[in-house]
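All values reported here derive from a predicted model rather than from experimental measurement.
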Amino acid sequence: MKKFFADAIQPLIQETMMLARVSAALLGVALFAGTANAQETTIKFTLGWKTQGSDAAFFYAKDHGFFKAEGLNVVIDQGEGSGATVTRIMSGAYDAGFGDVNAIIQNASTKPQDAPVMVYMIWNQPPFAIVTKKTSGINTIKDFEGHTLGGAQGTPTTRLLPVFAQKNKLEGEKIKISNMAPNLQEPMLIKGDIDAALVFNITSYFNLVLNRQDPDKDYKWFQFGDYGLDLYSNGVMVSRKLLASNPKAVAGLVRAVNKGMIAIAKDQNAGMKAAVNYDNLINVEVEKRRLQYSFDKLIVSPEMKEIGVGDVKDDRMARAIGIIVEGYQLARAPTPAEIFSREFLPPRAERELVYTAN
């Protein structure tokens with residue numbers, strides 16, 4: 001009888017021991033996963049505006065695990081403007097973002113301890129431009145005199161117009177400015193209510209496209225960078241708090257974004273797939289064109305090819321700071337080191353960006 005009970009209960013004992021071992025293993029996995037998640041650094045990241053194809057590098061880096069591989073949980077939110085990226089970071093609401101380096105210069109002049117720092121330059125060329133219909137009679141910048149330009153108050157293009165006029169020996173008092181909301185500039189230009197508009201080219205070009213206009217055939221573009229205002233523009237910036245408390249996370253963020261940039265330069269369709277995964281309401285055809293436009297007009301340049309994507313030239317940055325100080329009448333000129341840090345850039349060989357439109 002004893003042998004009968006022993007034989008009967010033995011399988012139950014073995015099954016119980018096996019379940020105990022499995023439970024222990026599962027608990028170990030759960031604890032390990034919890035530890036791994038606890039080790040991830042969360043970075044709140046703000047875009048420069050609503051979802052656009054030109055942001056694809058960030059979405060690609062997230063979708064392909066580049067951030068995760070660096071121990072980062074990057075939470076990407078839509079933005080309210082390239083300049084607003086700076087104020088969002090300064091408020092403590094965000095740790096990093098994609099925004100305008102010229103807004104950093106403005107804030108670093110008066111609040112050097114609070115202003116964020118650019119750590120990866122993306123838009124090597126400035127988007128500031130004046131656009132006009134080819135039928136407007138404006139064929140050279142001298143023709144702006146005697147005409148009405150529509151500008152959104154406070155935007156860099158509008159605020160830098162006096163510097164543009166001075167550097168090009170224009171009579172600024174002969175140029176009339178009509179203040180308006182940014183979303184009214186292209187409609188009023190199309191209707192003929194203004195003769196030209198002070199814009200961001202990468203925004204205005206596609207606003208015209210969405211208004212069923214042909215921005216190449218029917219419009220003329222005067223880029224500030226071609227007329228003495230050789231400014232840098234948008235890139236990845238981080239808070240001084242993150243710089244001081246977790247430089248490893250900053251380096252990881254830059255590495256991941258750089259990998260995303262290199263990848264989408266070769267394959268814009270993959271970039272757009274990642275953008276759609278982030279926001280499936282975007283106009284894929286238009287936003288792919290915007291992505292390619294960003295490479296054509298703002299990213300790829302002789303300087304970028306020389307020093308690699310992500311970096312700047314200190315002498316050019318110093319001149320750009322001088323232009324912003326003059327244009328905004330700032331009391332103090334920050335140094336290039338206050339505005340941009342290359343400490344976190346990957347080696348030059350890893351920042352060789354080759355753009356192929358596809």
Side-chain angles (χ1 to χ4, degrees), residues 82-83 85-86 98-113 115-129 141 156-157 159-169 200-202 222-238 240 243 247 250-251 254 257-258 261 294-355:
S82 296
T85 296
V86 174
F98 179 64
D100 182 16
V101 73
N102 302 297
I104 295 180
I105 295 168
Q106 294 170 55
N107 285 278
S109 176
T110 56
K111 299 177 180 177
Q113 300 308 313
V117 177
M118 184 79 76
V119 290
Y120 188 84
M121 179 61 66
I122 296 179
W123 290 0
N124 186 273
Q125 304 298 307
F128 316 130
I141 58 172
T157 314
R159 291 191 65 174
L160 288 170
L161 181 63
V163 183
F164 177 90
Q166 181 185 349
K167 287 191 175 295
N168 290 283
K169 296 181 170 55
F200 273 45
N201 58 13
I202 194 169
F222 298 90
Q223 312 290 349
F224 274 24
D226 296 333
Y227 293 93
L229 272 68
D230 188 22
L231 302 167
Y232 286 107
S233 187
N234 285 25
V236 176
M237 58 183 71
V238 300
R240 289 187 178 273
L243 275 176
V250 176
V254 172
V257 171
N258 181 69
M261 284 293 299
S294 72
F295 280 107
D296 285 329
K297 303 293 186 182
L298 303 176
I299 298 171
V300 178
S301 69
E303 179 181 292
M304 188 280 291
K305 292 178 180 179
E306 178 187 346
I307 64 178
V309 65
D311 205 353
V312 305
K313 286 192 171 182
D314 290 339
D315 57 344
R316 181 182 168 201
M317 179 61 80
R319 291 193 300 272
I321 291 170
I323 292 171
I324 297 300
V325 168
E326 179 184 358
Y328 288 79
Q329 299 181 330
L330 303 178
R332 186 184 76 90
T335 65
E338 292 178 75
I339 307 303
F340 180 85
S341 173
R342 61 174 55 85
E343 177 183 352
F344 306 97
L345 291 177
R348 170 67 180 82
E350 295 176 19
R351 295 182 291 103
E352 185 70 32
L353 184 147
V354 179
Y355 169 59

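Across all their heavy atoms, I307 and R351 have their closest contact at O-NH1, 3.1 Å. Contact detail for N168 and Y227: the closest heavy-atom pair is ND2-O, 3.0 Å. For V254 against F344, the heavy-atom pair with the smallest separation is CG1-O, 3.5 Å. Across M237 and I104, no two heavy atoms sit closer than the pair CE-CD1, 3.6 Å.
Checked against salt bridge (Lys or Arg N to Asp or Glu O under 4.0 Å), E352 has the following partners two or more places apart in sequence or in another chain: R348. Scored by the ring pair (Phe, Tyr, Trp, His ring centres under 6.0 Å) test, F295 finds Y355 as partners (sequence neighbours excluded). In terms of the salt bridge (Lys or Arg N to Asp or Glu O under 4.0 Å) criterion, residue partners of K313 (sequence neighbours excluded) are, by chain and number, E306. Residues satisfying the side chain to side chain contact (heavy atoms under 4.5 Å, CB included) criterion with T110, sequence neighbours excluded, are absent altogether. In this view, F200 and F128 satisfy the ring pair (Phe, Tyr, Trp, His ring centres under 6.0 Å) rule, not counting sequence neighbours. Applying the side chain to side chain donor-acceptor pair (under 3.5 Å) test to N124 and every residue at least two apart in sequence or in another chain returns S301, E303, R316. Contacts of K169 classified as side chain to side chain contact (heavy atoms under 4.5 Å, CB included), with partners at least two apart in sequence or in another chain: none. F224 pairs by the ring pair (Phe, Tyr, Trp, His ring centres under 6.0 Å) definition with F164, not counting sequence neighbours. Scored by the side chain to side chain contact (heavy atoms under 4.5 Å, CB included) test, A333 finds I321, V325 as partners (sequence neighbours excluded). The salt bridge (Lys or Arg N to Asp or Glu O under 4.0 Å) test applied to R319 returns D315, not counting sequence neighbours. D314 meets the salt bridge (Lys or Arg N to Asp or Glu O under 4.0 Å) test with R342; sequence neighbours excluded. Among residues two or more places apart in sequence or in another chain, the side chain to side chain contact (heavy atoms under 4.5 Å, CB included) test is passed with K305 by V300.
In this structure, CG on L160 lies 7.0 Å from CG on N102, to the nearest 0.5 angstrom. Here the CG-OG distance, from N234 to S294, works out to 10.5 Å after rounding to the nearest 0.5 Å.
Side-chain atoms of T85 and F98, non-hydrogen and from C-beta on, never get closer than 4.5 Å to each other. Here the side chains of M261 and Y120 are in contact, with some heavy-atom distance below 4.5 Å. Side-chain contact between E326 and Q166 is present, with at least one heavy-atom pair separated by less than 4.5 Å.
Ion pairing between a basic and an acidic side chain is recognised when a charged N comes within 4.0 Å of a carboxylate O; E338 and R332 show such pairing.
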For this session: Before giving the answer on side-chain contact (heavy atoms from CB on, under 4.5 Å), spell out for Q106 and K111 the whole-Å C-alpha distance, their side-chain angles and the decisive distance to 0.1 Å.
Result: CA-CA 9 Å; Q106 294 170 55; K111 299 177 180 177; over 6 Å; no
Problem set entry | side-chain contact (heavy atoms from CB on, under 4.5 Å) between V119 and F340, worked out | CA-CA 6 Å; V119 290; F340 180 85; 5.9 Å; no
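Using a distance-only test at 3.5 Å, with no hydrogens or angles considered, a donor-acceptor pair links the side chain of N107 to the main chain of A103.
For N258 and E350, the side-chain atoms include no donor-acceptor pair closer than 3.5 Å.
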